Amino acid sequence: MSSILVIAEHRRGELRPVSLELVAAANELRAAGEQVVVGLIGKNAHAFVAAVSKEGVDEIATVTAPVEDFDPDVSEEAVRALIAQYSPSLVLIPHSVDSYGYVAVLAAKDQLGLATDVYKIAREEGGWVATRGGYGQKVAVELDFPGRSCVCLAVRSGSYKPNEAAASPTVTAVDVPALQARSTPLDYIEVSAGGDVDITTVPFIMSVGRGLGDEANLPRFKELAEQVGATLCCSRPIADSGWLPKSRQVGQSGKTASACKLYIAMGISGAIQHLAGMKHVETIIAVNTDPQASIFNVAKYGIVGDIFEVADALEQEFS
Amino acid sequence: MKILIAIKQAIALDEDFEIRADGRDIEEDFFLPDLNEWDEYSLEEAMLIKERHADTPVEVVCVTIAPDSADEALRKCLAKGADRAIRVWDESMEGSDPVAIARALAAVAKKEAPDLFFAGVQSSDHAHGATGIAVAGFLGWAHSAVVARLDYTPGAKEVALKRELEGGLSQELRLPCPAVLTIQLGINKPRYASLRGMKLAAAKPIETLAPGDIGLATNDCGESGSLARVRRMYVPEKQRAQILAGDVAAQAKALAAIIREATGS
Amino acid sequence: MSLDGGMMDPHAFTRILFQDFPSWEVSFFYLVGFAAIGSFIYGVYREVRKYLRGVPDARVIWDYAHIKQGIVAIATHRTLVRRDPYAGMAHRAIFYGFGVLFMGTSIITLEYDITSKLFGIHYWYGDFYLWFKLAMNIAGVSLVGGLIYMMVRRGWIKPPKLDYARPDRAPDAPDYDRSNYRIEDWLFLWILVIIGVSGFVLSGARMIWLADRPEVWDIRWWSPVGAFFAYGLRALGLDAEGAVILRQLIWWSHGALALTLISLIPYTKAKHIFTAIISLVVRDPLPAQRLPKVPEGQEQIGYRFLTDMSWKQLLHLDACTKCGRCHEACPARTTGGPLSPRDVILSLRELANSALQYSAVPEQSKLAMHGTGVGQVSSETLWACRTCMACVEICPVAVEHVPIIVQMRRALVEEGDMDPLLQKTLQTIHKSGNSFGESRRKRGGWAKGLPFPVKDARKEPVDVLWFVGDYASFDPRNQKVSQAFARLMHAAGIDFGILYDGESNAGNDIRRVGEEGLYEHLAESNISAMQSADFNRVVTTDPHSFNTIKNEYPDFGGQFEIEHYTSFVMKLIEEGRLTVKKQLGHRVTFHDPCHLGRFNKGYDAPRKLLEAIGCELVEMKRCKDNSFCCGAGGGRIWVPDPVGTEKPAQNRMREAASIEGLEVYVVSCPKDLTMFEDALKTTGYEGKFVVRELLEMLEEALEINLVEAEVTA
C-alpha cells in the first residue's frame, strides 16, 4: 500500500507547529487509498502522539531515539527505517535548521528525490512536482524527480494551513536498533529579552534593514519609532553588525512578530528568512528604493523611495 | 592541517531578466555573478583558524564545481588568503543539482583529505541549503548545519560549535573530526579583497580538474547524477503592495494616516 | 652724505675686524666658528641621509621651468602672502633682512679670510663699504621689524591656526598640543631678534669707542640705526672706555648667537630655510590631481613604513613650518573631524626624526606609519580626509599632503581597514560599475526621457563624446540636469553621443579612497570603451570624471581632449551657437567644485556664464582656490558623517546664508547638487534661497523649449 510519510519535528519537548502544516499537505496530496503516516522520532516520541493525532493521519510511527535532542545521524537513520517500513512515494519534512542537518545526507546516500524549501507540491502523471524559489526568490522553479520512487521534500513553513481537527490514528512503534548519535549536545542558548522588550508581544513594529547603511543612522530611527509609538526591530544584517541586539531581530533565526498588527519595514528587501518572521502581519508597510524588492510582495502598502527622506517626512507628520 | 572550503559563484539577476528559450533557466546575459555571501564567512572562518594558530601550518583550499566563469570567485578567495584553489568541471556536469555537486565535492575531499570541510549554509541564489551537508553523506563524516560559532584548535579531535536554530535559539555541541560544517552569516566579519589583491591572485594557479580526474563516472555527473531536475522556471504572479503615490510629503501623510488608523491614536 | 675721498684715503673707511683683540681671542673665535660649521655640516649630512632613506621619486623633475617657478615663488613670497598678508609680508622682511645680512657677513668673510689672504685683494672699504653699511642697516631693520611683528602675532594676536592643539588626539594624550614646539618657536624668534638688535648695539658702541676717529665718526650716518644707538648709549652715559667693554661683551654674544644659530639650523625649525626652498623647487604641478601610479611589478602598494615614502616626501615633512594655513582650510578639521593636515605632517616628521636620523635604519615596527602612537597617523584621521586639496593648495612651502594620505589609505584598503559601508560600495562598484548598485543596462536610461534619441557613441561616430558619470546617470535629481544638458547640446546642434552601458564609474573618487586596483580596473575599462568609439572630443558635467580623465587617464594610455560643460557652453555662447534670451537677474553665489576649481583652475567659465545670463554674483569669503569642500570628496559621499556634528555642506550653507538677499546657490557638479540640496534642508534655510545647478539656469536663460519628458528610467 502506497503512503505519504510526514516527519514531525519537535524541540525541547514541544511539537513544532510546521509539523501539522505538513500533515495537512499530505492529506491534500494523498491519492485514494493512500496512507498518511506521521513519523515521530525522539527519546520520548510517544509524548507527541496526541499532538499529531489529527484528521487525515492514518498511522503514527514512533521511533525511540537514544538522545533527547536532535542529532542528524539519529534522524537520518530513523527516517531511513521509516521509509523502509512504509515505502512512501513522498516524504514531507519541515524545512528547518534540523532538517538542514540530515535530509540531504539521507537523500544523497539513498538516492531519493530531493528538494528543499518547497512551497508548492503537485502530483502529476510522471510523479511528484515540487515548486521552490530560485535566484533570490525572483523566479519560481519547478522540479521533477525522474526515476525516483521516493521523493523527500523539505517544505517551507507557512505553505499549508494546519489541520486542527483531532482524530485517533493507529500508533505503531518502529524499532530501529542501530541509532547512534555522533554529536554531543551541550546546551541551548536563548536570546533572552535581557531587560529589552519582548518583540513577540508588541503590536506595532518598525523594522530597519540593510538600507540603514550605517550604525550612525540608527538613532534617527530609534527616535522616529518612539515618536510614532512603534518598537524598533531589525533584519538579520543589522543584528549581525551588532547595531541592535539579537533579541530585536525579526525572522527565522530571530523572533517572530507574533502579536504584531502593524509592521513598517524600512530598507528591508525581504529575504525569505525575514519574511518568515513577519509576513503574517495584517498591515505591512514597506519602504524600499528597489521597486522589485520582494518585501513588496507581502506588504499591503509600499513606498518606493529613500528611507531617510520618508523618515524625515514622517517625523514632521508626527511632530 | 587542512581546511577544504566549497565555494560557489552565486548569481543575482539583472533587472528585466528574461527566461531562457527552453524555459528551464534564465538567459545568461542577465546573470550578475559574485562569490556567494555565505562563502565569504566560511572562508573567513578558515582564515581566522589559520591566523590564530600561526604555530601550526593550516592550509586553506577552496574548491568549486563550475565552469571557468567561476575563476573570479576563486581569485577573490585567493586574494583573501586562501592557499590553493581547485575547480572541477566538464560539460557532463551541466544540469547538476546540489547532490551531484556534493558528490564531486566529496570526491575532491577524498583526494585532499582535509581535517574540516566548510560550506556556506546555502547559496544566495538558489538557497537549497543541501550541498554542503550532502558532502557529509558521501564522506560519511560527522556534520552540523547552520554553524554560528566555532572553536577549533588545529589537530584537535573534536570541534565545539554553536548551531543557530529558529526563533532566537541556538544549541552548543561538540562533533568529532573530520567534520563537515555549514557556516552561517554573522559568524565573523569577512575581510575585504582588494582588486589589487585579486589581480595578484590571478597569477596564482587554479588547479582545474575534470570529473574523471577525481574518479567520477559520467553518470555521476549532471542530470544523471542528480536527484531532481529543473522542469521549468517562471516568474510567479505576485500579490503586490499598493504603492503610495505622490512626493515624499504626500507619502508620509498617507503613511501617517495608516499608522494612526491602525494604532487608533 | 658722500665720502670726501679727496681729503682722506678711501682705504681708511672700513671696519677693522677683531680690532684690538688679543690673538687668543681671535683664535678662539675661529675655533668656535669651525665648531659651528662642523655641527652644521654634520646636521645637514644627517638630514640628507634621512631623506635618502626614502625611495626615489620619479615625479621630481629637475629642469629649468621647475627650478624657476620655485625660485620665483621664494623671491616673491607669493605663496606666503596668500590668506595671511601681514604674516607673509613680515616673513618677507625677515627673509630679505636675513638674506642680506647673511650675504654681508659672507662678503666680509670672503675678503678677510680668502681674497686678502690668498690674493691680497681688498674691496671692503671706501664707497663700497659705506653703501654696504647702509644696506646692512636697512636689512637689520627689516629683519628685526619682521620678527617683532611675528612676536606680536604669536604673543598677542594669537590667530587660532597657531594653536597646535590637535583634533585627532584626546587632551590627555602625550602629544596633544605639541607644547615643545612652542618653546622652539619662541627661542627661534628671540635668537634672531637678539642677533639683529645686538648688531646695532655693537655698531653704536663701536662709534662711541672710536668717536675720535673721523673715519668712523664722520660716516656714522651711513649706519643710521647704529648712529641712533650711539647717541642713545651716550645719552645713557656710556663713554669711550665703557664702550670698549660693552663692545667686547656684545661682540661675543652677537657672534656666539650667530654661530649657535648656524650650528642649530639642521636640528631645528630653522632647517626650513633649506627644506622649504627645495620643497618649492621640486613641487609637483598636479599633486592631488594626478595621484601616483603603482609601478609595474610592484606587489605591495601604499605606504606602511616611513621608508615607503619618497625622499621628496620625507623632505616635505621637514619643510612644514606649522603655519596652520592647511589646518585652517581643511574641511574635515573645520567641521570637527579628527584630521588636521598639519598634524599628519608633523606626526610623520616626528616619526621620521625618531626613526630615520640614526646611523642604522631600525626594524620595521619602528617605521610603521599607521597607528595611534606618537608620530603615527590613525585610520580615523586618514578616512576623515576628503581629498579636496585645500591643504596642498594653500601650503606656502608646497607640502603635498593628499598623495601621502591616499598612499596610506591604499595600505588601509589592502588590509580592509575601512568603513563597512565604504567596503560595500567598493564591492558594488566592482560588480555593477556604478556606486548605486544599479544595473549597467540602466546607465543610459535617463536619455529615454528626451524627445530626441541620444546617439550611442559605440555604434556611430560623433563629434562630442559625453562622459556622463555615475551621479549624472543614476541619481534621479541629477538625471534631470543631464536631460537639460542634452537638450542644450541638441539646441546648439552639437553632434554628441554617450557610451551607455559601456561607461563605468570614472574612478576618480575610488582612486582617492585608495582602492587603486579598482581604479585601474575602471580606468582601463573606460579607456578601452572610449578608444573603441569614434569622436573628436569629450565633455562632461561631472568635475570628478573630468579631473581623472584629464589628468590621470593619460598615465593609463588614455589621451583625450576633455572639457567641463562650463567652458564648453561658454564657448558655444561666445561662438553664437547659443543665445541668451532671458536675463535671469538673480542674486547668486557660486560654489567652486574642488575638482573643477582648485584641481583644474576652472574658475572663470562659470562666472562668465553667470554674468552672461544676467545674474549678480556675490562671492562667498571662501571661493575659488579657497572654496570649501561639500564633503563628498575622497569617497566620503559613501560614508555617512558622524551624527551630531556639522557636515561640511551644512557649514557651507551657513556661509552662503550670510549673504544678504541671496536667491540662488549655484553649483556645477552632480555631487554638489546632492550634498547641498540635502544640507539646505537640514540647515533650515529652505525657502530662504535655493540650490540650483548652473545648467538648469542656463536652460532657462537660453529658453530651450523642448517638450519636457519625465524620466522613465
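When reading the values below, keep in mind they use all heavy atoms of this one structure, side chains included, and skip hydrogens, waters and symmetry mates. Lettering of chains follows the sequences in order, A, B, ..., and the numbering in each one begins at 1. All values derive from a computational prediction rather than experimental measurement.
No side-chain donor from either of A/Tyr188 and B/Glu172 sits under 3.5 Å from a side-chain acceptor of the other.
Residue with the most contacts toward chain B among A/Ala140, A/Gly113, A/Ser294, A/Ala107: A/Ala140 (heavy-atom pairs, distance under 4.5 Å). Between chain B and the residues A/Ile285, A/Val250, A/Ile189, the largest count of heavy-atom pairs under 4.5 Å involves A/Ile189. In terms of non-hydrogen atom pairs under 4.5 Å with chain B, the most contact-rich of A/Lys109, A/Arg236, A/Lys246 is A/Arg236. Most heavy-atom pairs under 4.5 Å with chain B: of the set A/Leu262, A/Asp290, A/Ile264, A/Val298, this distinction falls to A/Leu262.
B/Ala228 touches chain A through backbone and side chain together, each having a heavy atom under 4.5 Å away. Of the atoms belonging to A/Pro237, not a single heavy atom falls under 4.5 Å from chain B. Both the backbone and the side chain of B/Val230 come within contact range of chain A, with heavy atoms under 4.5 Å apart. Looking at B/Gln122, the atoms closer than 4.5 Å to chain A (heavy atoms on both sides) all sit in the side chain, from C-beta outward. With a threshold of 4.5 angstrom between heavy atoms, B/Ala256 approaches chain A through its backbone and through its side chain. For A/Pro146, the part lying near chain B is the side chain, with the backbone staying farther off; criterion is any non-hydrogen pair under 4.5 Å. Interface remark: B/Arg103 contributes side-chain atoms only to the contact with chain A (heavy atom separation under 4.5 Å). Using a 4.5 Å cut-off between heavy atoms, B/Ile187 does not touch chain A at all. Both the backbone and the side chain of A/Ser253 come within less than 4.5 Å of a heavy atom in chain B.
The heavy-atom pair separating A/Glu317 from B/Ala249 by the smallest distance is OE2-O, 4.3 Å. Closest non-hydrogen pair, A/Arg148 versus B/Ser224, comes out as NH2-O, 4.4 Å. In terms of heavy-atom proximity, B/Lys189 sits nearest to A/Asp240 at NZ-O, 3.7 Å. In terms of heavy-atom proximity, A/Val97 sits nearest to B/Glu166 at N-OE2, 2.7 Å. For the residue pair B/Leu227 and A/Leu112, the shortest heavy atom distance occurs at CD1-O, 3.0 Å.
Residues of residues 32-44 of chain B lying within less than 4.5 angstrom of chain A, judged on heavy atoms, are B/Glu37 in numerical order.
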Got a list of side-chain donor-acceptor pairs under 3.5 Å for residues 303-316 of chain A, not counting sequence neighbours?
residue, atom, partner, partner atom, Å
A/Asp306, OD2, A/Phe308, N, 3.3
A/Asp306, OD2, A/Glu309, N, 3.1
A/Asp312, OD1, A/Arg220, NH2, 2.9
A/Asp312, OD2, A/Arg220, NH2, 3.3

Side-chain donor-acceptor contacts of residues 126-147 of chain B below 3.5 Å, not counting sequence neighbours, with atom names and distances?
residue, atom, partner, partner atom, Å
B/His143, ND1, B/Trp141, O, 3.1
B/His143, NE2, A/Gly101, O, 3.1

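The six-membered or imidazole ring of B/Phe31 lies near that of A/Tyr135, with a centre-to-centre distance under 6.0 Å.
Checked for salt-bridge contact, B/Arg231 and A/Glu124 meet the test: a charged N lies under 4.0 Å from a carboxylate O. A salt bridge links A/Asp98 to B/Arg163: one of the charged nitrogens lies within less than 4.0 Å of a carboxylate oxygen.
Residues passing the salt bridge (Lys or Arg N to Asp or Glu O under 4.0 Å) test with A/Arg132, sequence neighbours excluded: none.
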